[in-house]
A.B. asks: 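Before anything else, here's the structure in question.
Start at 1 and go down the list; that is how both ligands and their atoms are numbered. Along the sequence shown, residues carry numbers from 1. Scope of the values below: all heavy atoms of this structure, side chains included, with no hydrogens, waters or symmetry mates.
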Amino acid sequence: MYDVLILGAGPAGLTASIYVARGGLKVAIIDKMSFGGQLALTSEIENYPGFSSISGFELAYKMQQQAEGLGVKFLYEEIESVDLENKMVKTTQNEYKSKAIIIALGASPRLLGNPREQELTGSGISYCATCDGNFFRNKNVAVIGGGNTAIEDAMYLSNLCNKVYLVHRREGFRATKFELDKLHSKENIELVLNSVVEEILGKFQVEGLVVKDKENNLRTLDVNGIFVAIGRNPNTSLFSGVEFDNGYIVTDSECRTNIKGIYACGDIIKKSLRQVITACSDGAIAGETALKELEM
Ligand code: NAP
């Protein structure tokens, strides 16, 4: 039996594990396949204090190594169900019991909702520019979205691809001015504004993208890749009994949920700023709160 089970090995879960392990408790992190979460899929981080520029994977690796060095156990297993009241977690391989649980499962990419999306995912449609960009070297691609992720993906892909169309449904961007200003230096990024995805072309692979503007004009973009970057949804499907707001788990300022002994941190909780640094920040708070309350 573990003192604390942490669900999710992204920056929030990793940080929570470091705090709990340093407090001398027995702690394990469960994650499906690997550590790092969304951080590990991010090409470059430029706003994590101490590193003016670092790859997401490298930062995640440093965190994981630190946690492992402190004795945190990493269980790479898929979670099937969670009984929050009884602090039980069932994976496809095992069943675990603990005294406290920290939920840090983060968020997953939002889907476009296009009928061809599922069948062409992996055959031209991707949700991760840094994972799949290389497959589109010297080809044309489209990035869908207007947030920081879309801008960063477009910037990253512009270094690999022949041409990048940045398709956004509005004129104004959600991304920060700092990110947007970077676009000026890129001649092979074309903005396609006030436009939405109408049709994805290609039988077995993406062979084009039809977009529709506000006046219902259609335009076909000659692309082989479509990178969807339209935000994320919190991974909360395993949980019941905790309070939600707009899909996100509600916590107090100490990262407690409404269930005793259940804490939550990172992108899965209700908060205003979802960044690596804020995930680490509330990971630290969740870990420290769990630690204190188990020692009481
Ligand atoms: P986001 O900020 O929520 O932006 C999502 C974008 O996708 C918005 O422009 C939105 O359009 C558009 N969109 C949403 N649903 C759509 C749909 N069905 N069809 C077409 N477009 C759609 O998401 P994000 O860019 O993934 O960023 C998530 C969080 O991570 C943000 O807080 C962001 O600041 C942070 N982040 C930070 C950094 C950094 O600081 N370096 C890097 C990446 C991400 P509307 O604007 O019209 O709603």
A.B. asks: Salt bridge check, R174 against E179: does any charged N sit closer than 4.0 Å to a carboxylate O?
C.D. replies: no

A.B. asks: For atom 37 (C) of ligand 1, what's the nearest protein heavy-atom neighbour? Residue, atom name and distance, please.
C.D. replies: Q275 NE2, 2.9 Å

A.B. asks: Atoms of ligand 1 less than 4.0 Å from G231 heavy atoms?
C.D. replies: 5 (C), 23 (O), 26 (O)

A.B. asks: Shortest non-hydrogen contact from I230 to R110?
C.D. replies: O-NH1, 3.1 Å

A.B. asks: Regarding atom 12 (C) of ligand 1: of the candidates I230, V196, D267, which has the closest heavy atom?
C.D. replies: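 Residue with the shortest heavy-atom distance to the ligand atom: I230.
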
A.B. asks: Side chains of S53 and E44: is there a donor and an acceptor less than 3.5 Å apart?
C.D. replies: yes

A.B. asks: Could you name the option among E152, R110, R174 that has the heavy atom nearest to atom 1 (P) of ligand 1?
C.D. replies: R174

A.B. asks: Judged on heavy-atom distance to atom 47 (O) of ligand 1, which of E44, R170, K271, E171 sits nearest?
C.D. replies: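 Among E44, R170, K271, E171, the closest heavy atom to atom 47 (O) of ligand 1 comes from R170.
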
A.B. asks: Check R219 with D213, please: is the shortest side-chain N to carboxylate O separation under 4.0 Å?
C.D. replies: no

A.B. asks: Can you figure out which of H168, Q38, R232, R169 has its heavy atom closest to atom 15 (N) of ligand 1?
C.D. replies: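 Among H168, Q38, R232, R169, the closest heavy atom to atom 15 (N) of ligand 1 belongs to R169.
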
A.B. asks: Going through the checks in order, is the side chain to side chain donor-acceptor pair (under 3.5 Å) test met by N224 and Q205?
C.D. replies: CA-CA 8 Å; N224 294 107; Q205 294 271 338; over 6 Å; no

A.B. asks: Do V72 and V4 land in one hydrophobic cluster if side-chain heavy atoms of ILVMFWY residues count as linked below 4.5 Å?
C.D. replies: yes

A.B. asks: Please identify which atoms of ligand 1 are closer than 4.0 Å to at least one heavy atom of E179.
C.D. replies: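 Under 4.0 Å from E179, ligand 1 has these atoms: 41 (N).
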
A.B. asks: Numbering the atoms of ligand 1 from 1, which are under 4.0 Å from a heavy atom of G146?
C.D. replies: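 It comes down to these atoms of ligand 1: 6 (C), 7 (O), 8 (C), 9 (O).
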
A.B. asks: Is K270 close enough and on-axis enough to Y248, meaning under 6.0 Å and within 45°, for cation-pi?
C.D. replies: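 No, K270 and Y248 do not form such a contact.
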
A.B. asks: Tell me, which protein residue and heavy-atom name are nearest atom 29 (C) of ligand 1, and how many Å apart are they?
C.D. replies: R274 O, 4.0 Å

A.B. asks: From the options V276, I144, T149, select the one whose nearest heavy atom is closest to atom 44 (C) of ligand 1.
C.D. replies: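 Among V276, I144, T149, the closest heavy atom to atom 44 (C) of ligand 1 comes from T149.
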
A.B. asks: Out of curiosity, is E46 lining ligand 1, as in a heavy atom under 4.0 Å away?
C.D. replies: no

A.B. asks: Using only heavy-atom distances, determine whether the side chains of K97 and N86 contain a donor-acceptor pair under 3.5 Å.
C.D. replies: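 Absent: no donor and acceptor within the cut-off.
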
A.B. asks: Considering only residues two or more places apart or on different chains, which pairs with a residue in residues 227-280 satisfy disulfide (SG to SG under 2.5 Å)?
C.D. replies: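 For residues 227-280: none.
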
A.B. asks: Pairs of nitrogen or oxygen atoms closer than 3.5 Å, one from L112 and one from ligand 1: do any exist?
C.D. replies: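 Between L112 and ligand 1 (N or O atoms, distance only) the closest approach is not under 3.5 Å.
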
A.B. asks: Please work out, at 4.0 Å between heavy atoms, whether the side chain, the backbone, both, or neither of N47 comes within that distance of ligand 1.
C.D. replies: side chain

